[in-house]
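FYI, side chains are in, hydrogens and waters are out, and symmetry mates aren't considered; it's all heavy atoms of this structure. Worth saying up front: this structure is predicted, and the values here are computed from it rather than measured. Letters A, B, ... mirror the listed sequences (proteins, then strands); counts begin at 1.
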Amino acid sequence: MPGVATNDPGVGDEGDGQLTLGVEDARRAVRGARARVRKAKPKAQAERLPVARVVVDKGLVHLDRLFDYSVPAKLAEVAQPGVRVRVRFGAKVVDGRRQGGGLIDGVIVERVERSTYGGPLAPLASVVSPEIVLAPPMIELARAVADRYAGSLADIVQLALPARHARAEAEPSGEPLIRPAPPPPGPWTRYPTGTAHLAELTAGDSPRTVWTALPGPYWPDEIARAMAATLAGGRGALAVVPDAKSVERVDAALTALLGRGRHVALTSGLGPEERYRRWLAINRGSVRAVVGTRAAMFAPVVELGLALVWNDGDDSHADLNAPHPHVREVLAMRAAREHAAFTVGGHATTVEAAQLVRSGWARPLDADRAAVRAAAPLVRTTGSDLDLARDEAARAARLPSLAWDVARKALQTGPVLVQVPRRGYLVRTSCLRCREPARCAHCSGPLELPSGDGVLTCAWCTRPAPHWRCRVCGGERIRAGVIGARRTAEELGRAFPTVPVRTSGRDAILTTVPDLPALIIATPGAEPVAPGGYAAALLLDGWALLTRPDLRAGEQALHRWLDAASLVRPAGEGGTLVVVAESTLRPVQALVRWDPQGYALTELVERAELNLPPVSRMASVTGPPAGIADFLAVLRLPDGADVLGPVPVAPTTPRTPPPAPAKPDPRAAETRAELTRALFGDTPPPTREPARRIAPPTRHERVLLRIEPGRGAELAHALKAAQTLRLARAAGDPVQIRIDPPDIG
DNA sequence: AGCACGCCGACT
DNA sequence: GTCGGCGTGCTC
């Protein structure tokens, strides 16, 4: 619609002739339009396309239907597809008149000539603003993502749209900037096809690549250059990275390359106003380059030319909210729909990325072996055998002698990174003699060593176990398996008393550390960058990462090691990496050979043989046994799909933690006590348990569904149909559907 | 999910 | 006779 482009705030009648309104005028116009509509009980419908199909963001979102509303003549022009509206929803018709029904938010998906709904249509209550926040291509994407993940359109719309902020919307977003000159290839010259790839992006081609980044600190710059090359060709670019720290680094690289104002960063840390301001600048085409975390995957970059995801194996790329769309999948869908280039990059290669190459959908973008060797540190492996540690201090710090030697030497030339498992201070325990895991005598839960004095405590029932004895061999001495960051820091500090020790973890993340001798203890993902590279890194979490009973344990261990290893100086400059893990394990060998692609490919072949994802498509359904049984009875599974299970699982943690049991109001208790005394004297009445509203911890079951490659859509569709059917009649225990479950054993 | 209609027990 | 329990079904 011509009058309602970008930031023109005109609302309602084009006939007003008020096309250049001030903010206040616009507000008044909106209020006026609303008031008129409400009062006039609009008999006057829009002449053209009088029906608006609306996705409402409340109510029966599970049913995933659009609702038709009549478009009042006053809103005929402004009620375009993609604008936010307010509608009455949930009203009852009592002898021909609507009653009740609250105003809820929605977005117009399309305007049509007539409704397929039999009943009378309610009118749109108002158009919130003329801003087109969800243009038809975005709606189509949302629809496709919802289908892919067996979710509803409303779910995706909610993920894709930031909260509106009126003040931010009233501001102009600035003129689209002149396209920059193509950037020099910089570090991309280290890749045989790097320069050519940038040229393709600038030329308007849309290559799809799986980029295995060389070790070293250059990847933010490489991402920025790929984005700049795309901008130089007149198209927009979007990069999604796992965390705010990475956003900062790419942001800085973009600023160095493009200056300020041509790009924008989207992170969850922004306030609502600033978030919406930046989002609008993108939506209005004022900014064409975007770097952000997960939620930015839906950023409405105008004329998208490149969609890039960095480190697609990182957990944070799977959305926390149902239906849990994954950045890699969404960006791949966007790239295909919007004819944009697509890059999945990282130091590691995921099995999913390897499959994109193997299927021919994408091509590799890597360096040759010589370049890898020139950039990677020397990788050495060692067992965790402490008995071999000659040095008393090393033994105390639980450092294998190799790690000790390497660290001591490296500390003469620079900082040393120590990667430890997450989970702060807790220590898993086992029998020192026979390695049987130490378990609670009461409930068989795992015993842990909390901070400080270290009294063994059960992780499940919290009972202390001061006099533990091994059930198998009768041993009485405990072996601490995984040591958290804080404790490691303490112990290393004692082992290297002259060197400063700093930690970086979940709660306090360091971004950079100076190029000075220091021990930097960090958990995976929280490793600070040393500008000149670490002199050495010790990866102490080998078995913690590898013993997880997860299909992806090996892949994730390799991913974390490679990320840490990429911060170390090249071998030629003395950079050394020590990984404490069994050297025959495949991920360890892949690290030593620096061969993430080979590892991913081997893994992919194996998954294909075992009919495992991502070659086969899987979904899980979780819930109480009765719900699962009922769901399966209702489910019309496509031919050839497998049903695995159901098997019991730990109850799924609700998305929002259940509210703490309401504290009884002391006054109410007092009154009740008084009443009780009055009625029964001093003898308390027989306590009758009030009807328990809180269900006892129900046992949950999970069933896995599997279907052959290429038929994932059928499976998702069938699951959604069953879910919809059950929800529509509100029958039985609810179950949760998850496409591509992340944690299959 | 709300919210209203509906058809059976304890109160004025 | 009415008030109200929450079982069932709809929401443009």
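- Rounded to whole angstrom, the span from the CG atom of A:D57 across to the P atom of B:dG2 amounts to 12 Å.
- Salt-bridge check for A:D105 with A:R84: failed, with every basic side-chain N at 4.0 Å or more from each acidic carboxylate O.
- Distance A:F89 CZ to B:dC3 P: 12 Å, rounded to the nearest Å.
- Per the stacking criterion (ring centres < 5.5 Å, plane angle < 30°), A:F67 does not stack onto the base of C:dC12.
- Between A:D64 and A:K720 there is a salt bridge, with a side-chain nitrogen of the basic residue lying less than 4.0 Å from a carboxylate oxygen of the acidic one.
- Atom CZ of A:R88 and atom P of C:dC12 are 11 Å apart (whole Å).
- Atoms CZ (A:R726) and P (C:dT8) sit 15 Å apart, rounded to a whole Å.
- A salt bridge links A:R277 to A:E274: at least one charged side-chain nitrogen sits closer than 4.0 Å to a carboxylate oxygen.
- For the pair A:I104 CD1 and B:dA1 C1', the interatomic distance rounds to 11 Å; values are reported in whole Å.
- Using a 4.5 Å cut-off on side-chain heavy atoms (C-beta onward), A:E701 and A:P624 make no contact.
- In this structure, the CG atom of A:L727 is 7 Å from the P atom of B:dA1, given to the nearest Å.
- When rounded to the nearest whole Å, the span between CG of A:D64 and C1' of C:dT11 equals 15 Å.
- Atom CG of A:L103 and atom C1' of C:dC12 are 14 Å apart (whole Å).
- Contacts of A:Y117 with the nucleic acid, taken as non-hydrogen atoms under 4.0 Å apart, include base atoms.
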